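We use all heavy atoms of the structure for the numbers below, so side chains are in, but hydrogens, waters and symmetry mates are not. What you see is a predicted model, and the numbers here were worked out from it, not measured in a lab. Protein chains get the first letters and strands the later ones, always in sequence-line order, with residue 1 at the start of each.
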Amino acid sequence: AQTVTQSQPEMSVQEAETVTLSCTYDTSENNYYLFWYKQPPSRQMILVIRQEAYKQQNATENRFSVNFQKAAKSFSLKISDSQLGDTAMYFCAFMKRNDKIIFGKGTRLHILP
Amino acid sequence: NAGVTQTPKFQVLKTGQSMTLQCAQDMNHEYMSWYRQDPGMGLRLIHYSVGAGITDQGEVPNGYNVSRSTTEDFPLRLLSAAPSQTSVYFCASSYRGAGNTIYFGEGSWLTVV
């Protein structure tokens, strides 16, 4: 069975700094998808970024980028120029083709003024 | 476009009572699922459906039933509520297929006393 591990339960950084959230996963599949979701205090789940495993190029969405290391089964999220609005819970998630999505336990990120 | 709508948003139940959490989506998504979120546990999959008439169990199905009579609706039934079912419940939907974005409802806060 697939598993997703986020080793940092909680992190704090100063506003404008860069922060990296870690995620590792375990799978025997070759084709799959990886996601980072943001959950602010409102509890809504917001898709931050998506990576397709067959694409070598790392996904980027404005200040958010990933470092996808397929051989190492690692999928970290980098937030550049962090903002107070980035304070949230961040979930890493895995999905194989036509199957359910599996979430990690999350990393609570605090951006300090 | 309403997206994914969950009702009720808040509910308090007594132990042994039954109730149904409603979920509806207006995007014609084939895939729908229910998650529960407990502190420190991330999102855990309860049940999911890949289309009308088809349901399957997730990671934590015990104590819950689902049905999918239409594409739009995917209700979650608690058969005999227990305090261990106190949680926040999220419904989600997406087009079936590899890597499609999953849309979440805003969550339902359930307390069992």
Linking I/L/V/M/F/W/Y whenever their side-chain heavy atoms sit closer than 4.5 Å, directly or via other members, would [X] and [Y] fall into one cluster?
X	Y	answer
Leu34(A)	Leu45(B)	no
Leu76(B)	Met19(B)	yes
Ile49(A)	Met89(A)	no
Ile54(B)	Ile46(B)	no

Hey, does [Y] have a side-chain heavy atom less than 4.5 Å from the side chain of [X]?
X	Y	value
Phe35(A)	Ile102(B)	no
Gln39(A)	Phe104(B)	no
Gln37(B)	Phe91(A)	yes
Tyr35(B)	Ile101(A)	yes

Part of Tyr32(A) within contact of chain B (heavy atom distance under 4.5 Å):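 It is neither, since no heavy atom gets under 4.5 Å.
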Could you state the interatomic distance from OH (Tyr103(B)) to CD (Gln44(A)), rounded to the nearest 0.5 Å? 13.5 Å
Side chain, backbone, both or neither: which part of Leu43(B) has a non-hydrogen atom closer than 4.5 Å to chain A? both
Go through the atoms of Tyr31(B) and report whether side chain, backbone, both or neither lie under 4.5 Å from a heavy atom of chain A.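 For Tyr31(B), side-chain heavy atoms alone lie under 4.5 Å from chain A.
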[X] atom [atom1], over 12 foreign heavy atoms within 6.0 Å:
X	atom1	result
Glu72(B)	CD	yes
Gln57(A)	CD	no
Lys73(A)	NZ	yes

Return the minimal non-hydrogen interatomic distance between Thr101(B) and Arg50(A), and the atom names on each side.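 Residues Thr101(B) and Arg50(A), closest heavy atoms: N-NH1, 4.0 Å.
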Identify which of Arg108(A), Gln51(A), Gln6(A), Lys105(A) forms the greatest number of heavy-atom pairs closer than 4.5 Å to chain B. Lys105(A)
